[in-house]
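Heavy atoms only: backbone and side chains are in, while hydrogens, waters and symmetry mates are out. By convention in this document, chain letters (A, B, ...) are assigned in the order of the sequence lines, proteins followed by strands, and residues within each chain are numbered from 1.
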Amino acid sequence: MKKLVRSQQPINMTKAHGPLIAGSFLILLAIFVFILFGFGVEGEATFRLSRPSDPYALPNLVLPAENFIGIASLIIAFFGARLIVKTPKEYTVFFAISFFLAVAAFLVWATAGKSFSLTGMLQATVVRAVPIALAAMAGIMCERVAVINIGIEGMMLAGAFAGALFGSIFGSVLGLLIAITVGGVFGLILALLVVTFRVDQIIAGVAINILVLGLTSFFTSHLLKKNPHLNDATVFKAIQIPILAELPIIGPMLFRHNIFVYLAILIVFSTTFYLFKTAYGLRARAVGEHPKAAETLGISVIKTRFVNVIIGGMIAGFGGAWFTLGSVGRFDEGMTGGRGFIGLAAMIFGRWHPVGALLAALVFGFADSLQQKLAILRTPIPSEFLAMSPYIVTIIVVAGIVGSARPPQAIGKAYVKES
Amino acid sequence: MKIFLKIRQTFSIDKATFLDIFIIPILATSLAITIGLLLLLLSGESYQTALRALISLFVGSFGSVSALSETLTASTPLIFAALGIAIGFRAGLFNIGAEGQIIIGGLAAVIVGFSVELPLLLHLTIVLAIGAAFGAGYAFISGWLKAFTGAHEVITTIMLNLIAFRLLDFFLRLPFIQKEGRNDPISKSVLETAELPRLLGFIDPNLRIHAGFLLAVLAVVLVYWIIFHTTIGFEFRTVGTNIHAAKYAGVNSSLAVILAMSAAGLCAGLAGASQISGVLGRATSGFSAGIGFDAIAVALLGRAHPIGVLFSGILFGALVAGGREMQVSAGVSLDLITVIQALIIIFIAAPILIKSIFPWFFPKT
């Protein structure tokens, strides 16, 4: 039976290259880490784990820079060699650990002889991961019913704009709800285009991105610039969770955030529950894997796709509102800065599973916050290259992981109902 | 309607194709412009402004010799880049990375343009060739990743775009490239030997249309020939239609994917180089100006056919030139043009939408 299923899969001669390329990349990475960071580094890197004002203060974490970088590059090289020799199917974990070690080595190198607040950065990581994780959730909702949603970036931008505009007029809570609705409306438009009119899914997504970029920029220059009070929403305040917020490291990392972080975590877990524990989720996945079989069983493919894509759009709209209502309170043109696309990469990295995507989003959020915080350490690396790092990671992830991850079977195909 | 019949008879086009390649684009464009004007009213502008915007859209694009010159100048890089995207479409690749390839190609071109001293024609040729080569090389990354790891080109090209923006900012601040005495990201100007000559300079030196437009027309013919009359073009189309069938038929699909992507980047790189040596003369932080994204719409509107790309490129050039005039004389933001372009993509991609809005143009089936 298993063999039969195999033969239906597309002939893909390129698949075997995945581990080989990933392995070679890891070895290169190890050499890179060793040469660039290992040479001429001296002293100890001091990481502050808590603020003096915290009730349960932890001592600083002090690492000898040279030893740490040497060991880290050795481990990465070992993983790389292992991937090449054994070509295991499951190598996401090795990849993730190696990447983590490389980043840690980089941090130690940058901090050598100085001190750096690790907790502050972890806190920023969680905050920065929010829009990426939400974009990934939106992607999962759509791709699980076999609709590719390249338009997430645009939906988020629309949500950010609606959040700022309506948040300024009606207050943040109503602004947030309208942002979610606007995201849902663009989800509806996408569903109409790809499900009803059977437009190529990628073209539809790109069109939505360009449309939203144009619309938001147009209304920014015609409405918001002339009326600055329409672009001045109140940002949601951080809510400290009693007791938990006092915990060292974990407290500031997880329990001293505004509503977006808590709701994002809730959305991740309810998406998981919905997809894997409810009948609706089972139906959605069936529609994504084999729409014809699903239709035979009495599931409406069209309706399922519509509902899921609209929910995906709403999640994207919520994620977009983070940029304005959860962060700065005002809208700037193109402020989502590719987070929607990075979210798609997180989705692939997390293998179309919400929890996996959340972890991937945290990795990207880490890279994002690293770039921000490193300005404080005054590294000799130009800021442009630090700003590039999340994008480079995305490319590597998409290239290295894709061979071992499988998207829903019917992805990208329009469904024609047989009458 | 009679003139349409005449066109059909002259080119012996059957009715379905005629509707597909002429009527739908025309209706889509008019509908998109109409919606754009409605948006203008929605944002609180008066009827007079909207009317003035509409008029200046036409006057600024086709209303005079200088308007026409602006239209063709704006269409030149669009045609180049859209040709590349069309090649990609033919091979089943969706190259969103034209913007990044334009940046990298243009950046390479500007560096060679100001740093090397060579005789007139040679210098220009080398500048364009380097621009094309760097654009191709940048796209090669995505093609290679697609062929050997299966990484989707849409994601990788988008990421390469974002990387290209940062690279540009980095390079423009290098002392070797940055204009002397400036703090903002701006490059030195290319030498006169690296400039594309202006075609109508003898009438009025302010007419900006340059020899790049002729090169773009030449590229249209060349790409047409490659796609429809060479083996490699046939392989592109086979891979694009059915990659498995292509593999069974003995086509080296990995190579075809890499070549198609690189060719796409080559065209985009030329777009960047021609923009640098024909119009701008130097690179600034936003010199690509979204041409790579507009080119996607141009390629779609032109149905990924080189001749179609030529005409839709001119149409989009007209939108850009008219849009600038609209900005000046009616005070309407250029972003409205972006909205109109996106709407055109949507309507072109969903012909059913057009058919249900304008049923009387189409035969009942």
With a 4.5 Å cut-off on heavy-atom pairs, point out which of A/D200, A/V206, A/T220 contacts chain B the most.
-> A/V206
Looking at chain A, which one of [options] has the largest number of heavy-atom pairs inside 4.5 Å, strictly under?
options: B/P351, B/A350, B/A342, B/S142; result: B/A342
options: B/I141, B/L145, B/I163; result: B/I163
options: B/L162, B/T156, B/I96, B/I155; result: B/L162

With rounding to the nearest 0.5 Å, note down the distance linking CD1 in A/I189 to CD1 in B/I346.
-> 7.0 Å
Enter the distance from A/L193:CG to B/L353:CG here, rounded to the nearest 0.5 Å.
-> 7.0 Å
State whether the side chain of A/H222 and the backbone N or O of B/S333 hold a donor-acceptor pair below 3.5 Å, judged by distance alone.
-> yes
Give the intermediate values and the outcome of side chain to side chain contact (heavy atoms under 4.5 Å, CB included) for residues B/R166 and A/F385.
-> CA-CA 7 Å; B/R166 304 297 185 288; A/F385 285 92; over 6 Å; no
Could you walk me through whether B/L167 and A/M388 pass side chain to side chain contact (heavy atoms under 4.5 Å, CB included), step by step?
-> CA-CA 8 Å; B/L167 275 179; A/M388 266 180 230; 3.5 Å; yes
Can you give the donor-acceptor pairs under 3.5 Å from side chains of residues 331-338 of chain A to other protein atoms, not counting sequence neighbours?
from   : atom 1 : to     : atom 2 : distance (Å)
A/D332 : OD1    : A/R330 : NH2    : 3.3
A/T336 : OG1    : A/E153 : OE2    : 2.9

Using non-hydrogen atoms and a 4.5 Å limit, figure out which bit of [X] sits close to chain B: side chain, backbone, both or neither.
X: A/F219; result: side chain
X: A/I392; result: both
X: A/L192; result: neither

Check whether [X] gets within reach of chain A through its side chain, its backbone, both or neither, counting any heavy atom under 4.5 Å.
X: B/I158; result: side chain
X: B/Q341; result: neither
X: B/L40; result: both
X: B/I243; result: neither

Does the side chain to side chain contact (heavy atoms under 4.5 Å, CB included) test come out yes or no for A/I348 and B/H152, once each step is laid out?
-> CA-CA 11 Å; A/I348 297 171; B/H152 204 292; 6.0 Å; no
Is B/F176 atom CZ crowded by more than 12 heavy atoms from other residues, nucleotides or ligands, each under 6.0 Å away?
-> yes
Could you tell me whether B/N183 atom CG has more than 12 heavy atoms of other residues or ligands within 6.0 Å of it?
-> no
Which atom names give the shortest non-hydrogen contact between [X] and [Y], and what distance separates them?
X: A/I202; Y: B/F94; result: CG2-CD2, 2.7 Å
X: A/L223; Y: B/S43; result: CD1-O, 4.2 Å
X: A/S221; Y: B/D335; result: OG-OD2, 3.8 Å

Members of residues 208-218 of chain A whose heavy atoms come closer than 4.5 Å to chain B = A/I210, A/L211, A/G214, A/L215, A/S217, A/F218
